[in-house]
Amino acid sequence: MNNTEIQSRLISWYDRNKRPMPWRDCGDPYKIWLSEIMLQQTRVDQATPYFNRFIDHFPTVHDLAAADQQEVLKVWEGLGYYSRARNLHSAAKLVVDQFDGKVPDSWDEITELKGVGPYTASAVLSIAFQKKYAVVDGNVIRVLSRYYGIEENVRETKTKNSIQEYADELIPDERPGDFNQAVMELGATVCTPSNPECGECPLQPGCVAFKTVKTDQIPYKSKKKKRPHHHIGVGIIKQPGDDKVLIALRPDDAMLGGLWEFPGGKQEPGEELPETVKRELHEELGVEVSIVKPFMKLDHAYSHFKITMHAYLCELQSGTPRPQSSQEVRWISIEKLADVPFPKANRRLTEKLMNLNKGQQELEI
DNA sequence: AACGCGGGGGA
DNA sequence: TCCCCAGCGTT
C-alpha cells in the first residue's frame, strides 16, 4: 500500500468507527488540550468522567486560571500523576496572562506550556488547529511498528525517532488531526497489545507483522525492572472527645505534591510498625504520640513501587505538631475530610473514618 | 539516556 | 502477577 491508500483507509475506517468522546469534534482548543493532558498514560474510559467533572468546574481556561490549586487537585483527585494538574493549572495562568486567554497555535508557543511535550503539542496543534504535526504515542508505536515490521526495542529513543519519521511521512495535508486520531483509535480498539483483531483492520493487507505472524512479538519492549515493596506506618492522631484528626500537606515538588496525607513513613529494618509510626511522627511533626490501636491495613501500587500501609489510631502525648517535612499541618473534622484532596491509599483511610463517624461508631479505644 | 511519577483494567 | 495506558520533567 502506498501512503495515499494508507491515509484514505485509515480516515475512512475512523469516520465509520470512532468512539464518541466529549472533547471529540468539539473544536474547543481548551477542551482538546485538557483531554490530551488527562489522556497521558491514561485510558479514554478512565479519563472521561474526570474530563466531564473538570469541565463542569472549570468551563473555560479563565475559570481554571482563576481557581485555587487545591480546588484543581480536588477535581483531579483519583486520576493520578498529579503534576499534570499542577502543570496544567500553571499553564492556564500563562495562557490567560501571556496569550490573551487563547491556547497557542504554534509549536514554539504551545511547548512553552508546562506539561506540553512533543506528543501533546502535536495532538493539540493537529486536532484543534488542523496543523500538520504527527503524533507518536503508545498506540502509534504499536500500529506503525507492526505495520512496518520494526523489531527494534521501542523503549529506545532511536526507535521512537524512527517511528516519528514514518509518522511524519504518513500524515496527510487534509485532516491531519483526524488522521492522528485514526491511528490512535485503531491502536486502542483493533491493533491492541494482545489479541489484536487483524480481521477488522483496514491496514491488514500491508501489515508486515500480520503477514509474518509476528503481532505477538512486535512491538518488542525490554523488560521493566520490578517494583520494590515497602511497609508504611502512618498515624491518625485524634484526641479523646474531639472529632478532629491531623493531616499534613505534601510539598509541591514531592510525589503526590499538593495533596494531603496522614503523616507516616517507611518501616526500617528491625523496627516494629508502632515504632515506625512514633519515629516518623516525631521526625515529621516534632511530637510524641502513643499508639491507641491498629486502624486499617491496605495494599497499594504506585508507578514505581508498592506498599502495604498500616494505619494506627494515635493520641498526642507531648508537643505541638509543626510541619517539618510538609508544607502545612491541619486539624480537620472527620466529615470535612471529603473536601480536601487525598491520594488513593490515604483516601481509603478517610473513607473508613467517615463511615465509622457517620454510623456513630466509637473511634476511641 | 535513565528515572520518577498514579491509578485502573485486562490477560 | 505483570503489562499497558492519547507522556512529561528532571537529572
Side-chain angles (χ1 to χ4, degrees), chain A residues 14 18-19 21 23-24 32-51 73 76-88 90-91 110-124 126-128 133-143 153-161 164 167 177-189 191-196 216 219-229 250 252-259 261 299-307 341-348:
Chain A
Y14 177 69
K18 65 180 172 186
R19 296 167 291 177
M21 299 175 193
W23 54 86
R24 182 159 272 175
I32 293 166
W33 170 35
L34 171 64
S35 74
E36 293 301 341
I37 299 298
M38 285 193 166
L39 289 169
Q40 289 168 7
Q41 297 293 286
T42 307
R43 287 187 163 77
V44 169
D45 288 345
Q46 187 187 355
T48 298
Y50 286 89
F51 175 88
L73 286 171
W76 200 275
E77 180 189 311
L79 192 55
Y81 284 134
Y82 298 96
S83 65
R84 294 184 296 178
R86 299 193 305 271
N87 288 337
L88 176 68
S90 152
I110 202 169
T111 54
E112 289 179 32
L113 305 182
K114 284 187 188 171
V116 176
Y119 164 78
T120 306
S122 300
V124 175
S126 66
I127 297 170
Y133 290 94
V135 299
V136 173
D137 74 329
N139 292 304
V140 176
I141 287 173
R142 191 166 52 255
V143 170
N153 183 359
V154 298
R155 288 198 198 283
E156 291 180 8
T157 304
K158 65 177 181 193
T159 311
K160 286 184 195 163
N161 287 341
Q164 179 76 59
D178 283 343
F179 177 83
N180 279 333
Q181 294 185 83
V183 185
M184 293 192 283
E185 191 81 346
L186 187 73
T189 62
C191 192
T192 48
S194 57
N195 306 317
D216 56 346
Y220 165 71
K221 292 190 178 186
S222 53
K223 298 289 182 201
K224 282 186 179 173
K225 56 179 184 183
K226 59 178 198 179
R227 298 177 280 188
H229 189 283
R250 296 180 58 85
D252 263 356
D253 59 353
M255 177 181 168
L256 308 171
L259 284 78
E261 67 177 356
D299 290 309
H300 187 73
Y302 295 104
S303 51
H304 55 300
F305 61 94
K306 304 172 191 180
I307 63 165
F342 281 94
K344 191 67 181 177
N346 274 273
R347 177 51 77 198
R348 288 165 65 182

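So that the names make sense, note that chain A is the first sequence line, chain B the second, and so on, each numbered from 1. Everything numeric in this text was worked out from a predicted model, so none of it was measured.
The ring pair (Phe, Tyr, Trp, His ring centres under 6.0 Å) test applied to A/Phe179 returns no partner, not counting sequence neighbours. Residues meeting the salt bridge (Lys or Arg N to Asp or Glu O under 4.0 Å) test with A/Arg86, sequence neighbours left out: none. Legend: residues meeting side chain to side chain donor-acceptor pair (under 3.5 Å) with A/Tyr119, ordered by chain and number and at least two apart, are A/Glu36. With sequence neighbours left out, A/Ser222 forms a side chain to side chain donor-acceptor pair (under 3.5 Å) with A/Asn153.
Of the P atoms belonging to C/dC8 and B/dG8, the separation is 22 Å, rounded to the nearest Å. B/dC3 and C/dA6 have their P atoms separated by 24 Å, given to the nearest Å. Atom name C1', nucleotides C/dC5 and B/dC5: the rounded distance is 14 Å, in whole Å.
A/Gln41 has its side chain out of reach of A/Arg84: every pair of non-hydrogen atoms, C-beta onward, lies at least 4.5 Å apart. Looking only at side-chain heavy atoms (C-beta outward), A/Asp299 and A/His229 come within less than 4.5 Å of each other. Annotation: side chain of A/Val124 is not in contact with side chain of A/Val116 (no heavy-atom distance under 4.5 Å). Counting only heavy atoms from C-beta outward, the side chains of A/Thr120 and A/Ile37 approach each other to under 4.5 Å. A/Leu113 places a side-chain heavy atom less than 4.5 Å from the side chain of A/Trp33.
Across all strands, A/Ser35 comes closer than 4.0 Å to no nucleic acid atom at all (heavy-atom distances). Within 4.0 Å (heavy atoms only), A/Lys223 reaches sugar-phosphate atoms of the nucleic acid but no base atom. Within 4.0 Å (heavy atoms only), A/Leu256 reaches sugar-phosphate atoms of the nucleic acid but no base atom. Nucleic acid contact class of A/Arg250 (heavy atoms, under 4.0 Å, all strands): none. Heavy atoms of A/Lys160 sit nowhere under 4.0 angstrom from any nucleic acid atom. Heavy atoms of A/Arg86 sit nowhere under 4.0 angstrom from any nucleic acid atom. Across all strands shown, A/Thr42 has heavy atoms under 4.0 Å from base atoms, whether or not it also approaches the sugar-phosphate. Counting any heavy atom pair closer than 4.0 Å across all strands shown, A/Val44 reaches a base atom.
Within a 6.0 Å sphere centred on NZ of A/Lys114, other residues, nucleotides and ligands contribute 12 heavy atoms or fewer.
In this structure, CD1 of A/Ile37 is placed 18 Å from P of B/dG7, rounded to the nearest angstrom. Taking atom CD of residue A/Gln40 and atom C1' of nucleotide C/dG7, one finds them 5 Å apart after rounding to whole Å. Between the CG atom of A/Leu259 and the C1' atom of B/dC5 there is a distance of 13 Å, rounded to whole Å. Rounded to a whole Å, the CZ atom of A/Arg347 is 16 Å from the P atom of B/dG6. If you measure from atom NZ of A/Lys158 to atom P of B/dA2, you get 11 Å, rounded to the nearest angstrom. Rounded to whole angstrom, the span from the NZ atom of A/Lys306 across to the P atom of B/dG6 amounts to 17 Å. In this entry the distance linking CH2 of A/Trp33 with P of C/dG7 reads 18 Å, nearest Å. Atoms OH (A/Tyr81) and P (B/dG4) sit 12 Å apart, rounded to a whole Å.
The phosphate of C/dC5 has OP1 or OP2 within less than 4.0 Å of a side-chain N or O from A/Arg142. Remark: A/Lys224 is not in phosphate contact with B/dC5, judged by side-chain N or O atoms under 4.0 Å from OP1 or OP2. When the side-chain nitrogen and oxygen atoms of A/Ser303 are compared with OP1 and OP2 of B/dG4, none of them lie within a distance under 4.0 Å.
Each of A/Lys225 and A/Ala345 lies near DNA chain B, and the nucleotide nearest A/Lys225 is the one positioned closer to the 5' end. Comparing A/Thr111 and A/Trp23 along DNA chain C, the residue whose closest nucleotide (by nearest heavy atom) sits nearer the 5' end is A/Trp23.
Counting only heavy atoms from C-beta on, A/Pro343 has its side chain closest to B/dG7 among B/dG7, C/dC3, B/dC5. Ranking B/dC5, C/dA6, C/dC8 by closeness to the A/Gln181 side chain, first place goes to C/dA6. Of all nucleotides listed (B/dG6, C/dC4, C/dA6), C/dA6 comes nearest to the side chain of A/Glu185. Taking the side chain of A/Asn195 as heavy atoms from C-beta on, and the options C/dC8, B/dA11, B/dA1, the nearest nucleotide is B/dA11. Distances were taken from every side-chain heavy atom of A/Met184 (C-beta onward) to each of C/dA6, C/dC2, B/dA11; the shortest belongs to C/dA6.
In DNA chain B, consecutive stretches of 3 or more Watson-Crick or G-U wobble pairs with both distances under 3.5 Å are given as paired ranges: B:1-5 with C:7-11, B:7-11 with C:1-5.
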Please write out the pairs of protein N or O atoms and N or O atoms of nucleotides 8-10 of chain B separated by less than 3.5 Å, giving the distance to one decimal.
residue, atom, partner, partner atom, Å
B/dG8, OP1, A/Lys344, NZ, 3.4
B/dG8, N2, A/Arg43, NH1, 2.8

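Side-chain to base pairing of A/Tyr119 with C/dG7: no donor and acceptor N or O lie closer than 3.5 Å to each other.
Taking the six-membered ring for Trp and the full ring otherwise, A/Tyr302 and A/His300 have centroids separated by under 6.0 Å.
A/Val140 and A/Met184 get closest at one heavy-atom pair: CG2-CG, 4.0 Å.
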